[in-house]
Structures are given as structure tokens and as C-alpha cells.
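Contents: one structure, followed by commentary.
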Amino acid sequence: MRTRILLIGALSAAIAAWLIYYDWTTWQALRENLTLLAEFGIVVVIYYEVEENRATAFLDSVSAEDSYSARAEVYESYVACGGDSLAERAERFRRALWASHPLRKQCDSQWVHFTRLQYGLRRSFLHRNLLADWYPHVIVSMWAMIGPYVRERQELRPSPATMFFEDAVRRSLTRLEKDGVRQVGIFGKEGQKVMISEGELATFRRDLYGPFAIGAPSA
């Protein structure tokens, strides 16, 4: 909403500046300026429709049933790993990923999917935070599970694309903070759960890899 208000304000200021700068006191000048403004308005409407269509396609993609089912399998495997802290659980899960090609493939498809989605939003003026606004719990949960694995993958095969996933995580953490969310849960199929504590969320906001360090706050 704030972005749209700023957009309207910027357009109004641009229109006012245009009318002041050019002579619009005569009928011919006024008609030419109004025609130009009408054409500019059409461009704005087209851009808005493109943005909205992009947002709709985005939400259809991220909420697809196949993607949700695959993510549930990743959650289940993570919860089953056990551990006394977020760092220990993430480390156990990292080892489980390297030990199971099918599980690693499922996990890779998830975080690559979110990376592509955030990349697609990078130049959106109206919906840059769409992924974080709609699915902050999912993004933060995925990061809590695979942060050390992603870091290792980055060390083995550096790629600038990783920064888009990290960007999505930071935006999601900001969204959760604004919403006053104190804990985030990761749930298995049989009701098992792992809670990311308020302290761990705060540590993530300071340093994405902070909760994976020895001595970090535990859930």
C-alpha cells in the first residue's frame, strides 16, 4: 500500500511539474498536454496489469500441489533427524541430504524454486516483497533446515544466484518481525514439530548463519 501511495504521489508531482514547466494556458497547449497525459496514463495502466498478472502467476506457481507435497517430504525428513539445537539439527540434516540423492534432489528443487521466484521479483516495483509477504514462514523454515547445506554448496560451486534466496530469507524475517511472530514451527506428518525460537529469529536477522554457530540460542 505504501508503495502504491508513493507511486501516485510521484506521478502527481510529475504531472504538476510538466504543466508548470510548459505553457498550458492556451486551449491548444492544454489539449496537447492532456493528450500526452492520457497516453502516459495508458502506459501506467498497462504496467499495473502486467504487474498484477505476474503476481497471479507467481502465486499459482508457489502454491502448486506438487511443490507443497515435495516440501512436506523435506519437512518430515528434517524433523526425523532430531537434535538438541537448531545448529545440531541443521548439521544432521545436511549429512542426511548428502547421504540420500532423492532427498537432496527434493530439497534442491525447493530452494532453487524460491531462488527463481525471488529473482523474478527483483525488478517489480509493486510486488518486490510478494514472496516474503505471502510465505514468510515457509522461507524461514527452509532456511533453518538447509542453511549449512546451502553454504556448503556455495563453497563447492559458487553461484551469485544464492543471494536471491538469502534476500528472500531476509525479507521474510522482516515480515515476521512486522507481524509480531515470535516462533516459527516446522511440522512432520505425524505431528512432530521443531520450533524456531524468538531468540533464533532475532539471531537470523542479525546474521543469517548465526543460529548455526556453536553457542547460538536454542529453541
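All residue numbers refer to positions in the sequence shown, counting from 1.
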>> With side-chain contact (heavy atoms from CB on, under 4.5 Å) as the criterion, how do Phe212 and Asp207 come out once you've worked through the C-alpha distance, each side chain's angles and the decisive distance to 0.1 Å?
In response: CA-CA 10 Å; Phe212 305 126; Asp207 177 4; over 6 Å; no
With no hydrogens and no angle check, is any side-chain donor or acceptor of [X] less than 3.5 Å from a backbone partner on [Y]?
| X | Y | result |
| --- | --- | --- |
| Glu200 | Ile196 | no |
| Ser100 | Ala96 | no |
| Trp143 | Leu208 | yes |
| Arg104 | Leu97 | yes |
| Arg175 | Ala132 | no |
| Arg92 | Cys81 | yes |

>> Membership question, hydrophobic clusters at under 4.5 Å side-chain separation (ILVMFWY): are Phe204 and Tyr209 in the same one?
In response: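 In one cluster with Tyr209: Phe204, yes.
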> Is it the case that one hydrophobic cluster holds both Phe187 and Val184, taking links as side-chain heavy atoms less than 4.5 Å apart, direct or via other members?
Replying inline: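 Each belongs to a different hydrophobic cluster.
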> salt bridge (Lys or Arg N to Asp or Glu O under 4.0 Å) with Arg151: which residues, sequence neighbours excluded?
Replying inline: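 In terms of salt bridge (Lys or Arg N to Asp or Glu O under 4.0 Å), with neighbours along the sequence ignored, Arg151 is linked to no residue.
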> Do Thr203 and Arg206 meet the criterion of a side-chain donor-acceptor pair at a distance under 3.5 Å?
Replying inline: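 There is such a pair (donor and acceptor under 3.5 Å, judged by atom type) between the side chains of Thr203 and Arg206.
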>> Does any part of the side chain of Gln118, heavy atoms only, come nearer than 4.5 Å to the side chain of Ile139, both counted from C-beta?
In response: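 Not touching, per the 4.5 Å side-chain cut-off.
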Non-hydrogen atoms of [X] and [Y] that approach each other most closely:
| X | Y | answer |
| --- | --- | --- |
| Glu152 | Trp98 | OE1-NE1, 2.9 Å |
| Ala161 | Thr115 | O-CG2, 3.2 Å |
| Val79 | Gly188 | CG2-N, 3.9 Å |

>> For Phe114, run the side chain to side chain contact (heavy atoms under 4.5 Å, CB included) check against Phe165, Phe164, Tyr135 and tell me which one passes.
In response: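 When side chain to side chain contact (heavy atoms under 4.5 Å, CB included) is applied between Phe114 and each of Phe165, Phe164, Tyr135, only Phe165 qualifies.
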> Would Tyr75 and Met145 count as a side-chain contact (heavy atoms from CB on, under 4.5 Å) if you check the C-alpha gap in whole Å, the side-chain angles of each, and the deciding distance to 0.1 Å?
Replying inline: CA-CA 8 Å; Tyr75 290 168; Met145 294 188 292; 3.3 Å; yes
